[in-house]
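Presented below is the structure to which this report refers.
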Protein chains: 2
Amino acid sequence: MKGSKYKNNAKNWTDTETEAWMGLVKAQQLLYRKVEEELKKKGYPCLNWYDVLWELDRSEDGSLRLNDLGKRVLFDKYNVTRLVQRLEEEGLVSRTQCPVDGRGVFACITDKGRKLRREMWPIYQDTVKKSFFSKFNKKELKELKNFIERIQASGLEETVQ
Amino acid sequence: MKGSKYKNNAKNWTDTETEAWMGLVKAQQLLYRKVEEELKKKGYPCLNWYDVLWELDRSEDGSLRLNDLGKRVLFDKYNVTRLVQRLEEEGLVSRTQCPVDGRGVFACITDKGRKLRREMWPIYQDTVKKSFFSKFNKKELKELKNFIERIQASGLEETVQ
DNA sequence: CCATATTAGTTGCACTTGCAACTATATATA
DNA sequence: TATATATAGTTGCAAGTGCAACTAATATGG
């Protein structure tokens, strides 16, 4: 075991690490922009909307409490309220009271919402694929996925108001 | 070898890839939030400001044309105008006309600006370090950096209005 | 069962961002 | 050199976001 040299306390952040971080942030911001650009170009709404629709679409019965939804898409609660409101105005989502918790509100995706998400997906997908995944081979993709799982597994997830 | 199923054209995006992407986005958003939270908690401005100060601080003589600056921090030009304006109001940056190009404007970091950036850095660093880099060993970090270089090298960089 | 604390969600206000139109300078073309 | 085109930066307006204060309902602890 190469053991103790694999330490990483906050005091010595190497150039490699700094660059890795900066690079990662920038790369992702670029890609995010690119996806949004493509969506907009074709007259579709932005990724926020997509994410919400996606979380609802994949959920048990197409609905989630605003609270849960917010945690999944990493939105603050007041923004969830407002985003869901906008989605409702477009008929992509409907809102209902929670029967067991008087405070609760469900957002439920409509057929129109599901349809829109389905249409947006290939644009999203192709862009990410072309600009990102096509750079990696299978082995690297697996490595990448490992990274990600490690990050996720390590309790970065609390946060959110 | 499981062979030919390991293809990567835009038509078949595997679950692995999808999850990798989603995971990466979320992980980074979480981390980004966390850094902002820490900064705010200690009374510092948000990462946008940091990024601008950082780009100026590291640049030749502490100044950049708004245009260049915008490209580096991935801000649209109208947002650069306004962000620099706010920074100027706080005395963190000064603006000067470009002598050779009548359209051009330089943003130049002040001592106060440099000082602020220096103070913000350890907070930023510690947070990323704790939540992110501590999950990887040296070898993985190098791999990660390779990924990033590949992405960057591959022309994701145009974009920006 | 009452008082208190917590949680879900909403809202007003100030600030930030996106879009499109605009000014002014620089570059290219004829 | 006159004309068209492109580039740098700014600005008005509409929309989105952050913060703090708020309402209403639930959970907790005596």
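First the proteins, then the strands, lettered A, B, ... as listed; each starts at 1.
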Provide, to the nearest angstrom, the distance between the CD atom belonging to Glu37(B) and the C1' atom belonging to dT17(D).
17 Å
Please find the pair of heavy atoms, one from Gln28(B) and one from Val25(A), that lie closest to each other, and give the distance.
NE2-CA, 3.3 Å
Is any side-chain nitrogen or oxygen of Arg95(B) closer than 4.0 Å to OP1 or OP2 of dT10(D)?
yes
Whole angstrom is fine here: how far is it from CG in Leu39(B) over to P in dC19(D)?
12 Å
Across the strands shown, which category fits Arg82(B) at heavy-atom distances under 4.0 angstrom: base, sugar-phosphate, nothing?
base
Salt bridge Arg86(A)-Glu90(A), side-chain N to carboxylate O under 4.0 Å:
no
Would Lys26(A) and Asp51(B) satisfy side-chain contact (heavy atoms from CB on, under 4.5 Å), going step by step from the backbone distance to the final call?
CA-CA 11 Å; Lys26(A) 291 287 177 251; Asp51(B) 285 342; 4.2 Å; yes
Are any of Lys40(A)'s side-chain N or O atoms less than 4.0 Å away from OP1 or OP2 of dC19(C)?
yes
Write down the atom of Thr127(A), the atom of Glu38(A), and the distance for their closest heavy-atom approach.
OG1-CG, 3.5 Å
Nearest whole Å is fine: how far is dG18(D) C1' from Leu83(A) CG?
15 Å
Using a heavy-atom cut-off of 4.0 Å across all strands, would you classify Val84(B) as base, sugar-phosphate, or nothing?
nothing
When you measure from the side-chain N and O atoms of Asn79(A) to the phosphate of dG9(C), is any distance below 4.0 Å, counting only OP1 and OP2?
no
CG of Leu69(B) versus C1' of dT7(D): gap in Å, rounded?
17 Å
Using a cut-off of less than 4.0 Å, is there contact between a side-chain N or O of Thr81(A) and OP1 or OP2 of dG9(C)?
no
Given that Val105(B) and Pro99(A) both sit by DNA chain D, which one's nearest nucleotide is further toward the 5' end?
Val105(B)
Whole-Å distance between dT25(C) P and Gln97(B) CD?
9 Å
Are the side chains of Trp21(A) and Leu31(B) in touch, meaning some heavy atoms are under 4.5 Å apart?
yes
Let me know the distance between CZ of Phe75(A) and C1' of dC19(D), rounded to the nearest Å.
16 Å
By the 4.0 Å heavy-atom rule, please label Asp68(B) as base, sugar-phosphate, or nothing.
nothing
Phosphate OP1/OP2 of dT17(C) contacted by Arg86(B) side-chain N/O (<4.0 Å)
yes
Roughly, in whole Å, what's the span from CD in Glu36(A) to P in dG18(C)?
9 Å
Less than 4.0 angstrom between a side-chain N/O of Arg103(B) and OP1 or OP2 of dC22(C), yes or no?
no
Rounding to a whole Å, what distance do you find between Lys77(B):NZ and dT16(C):C1'?
19 Å
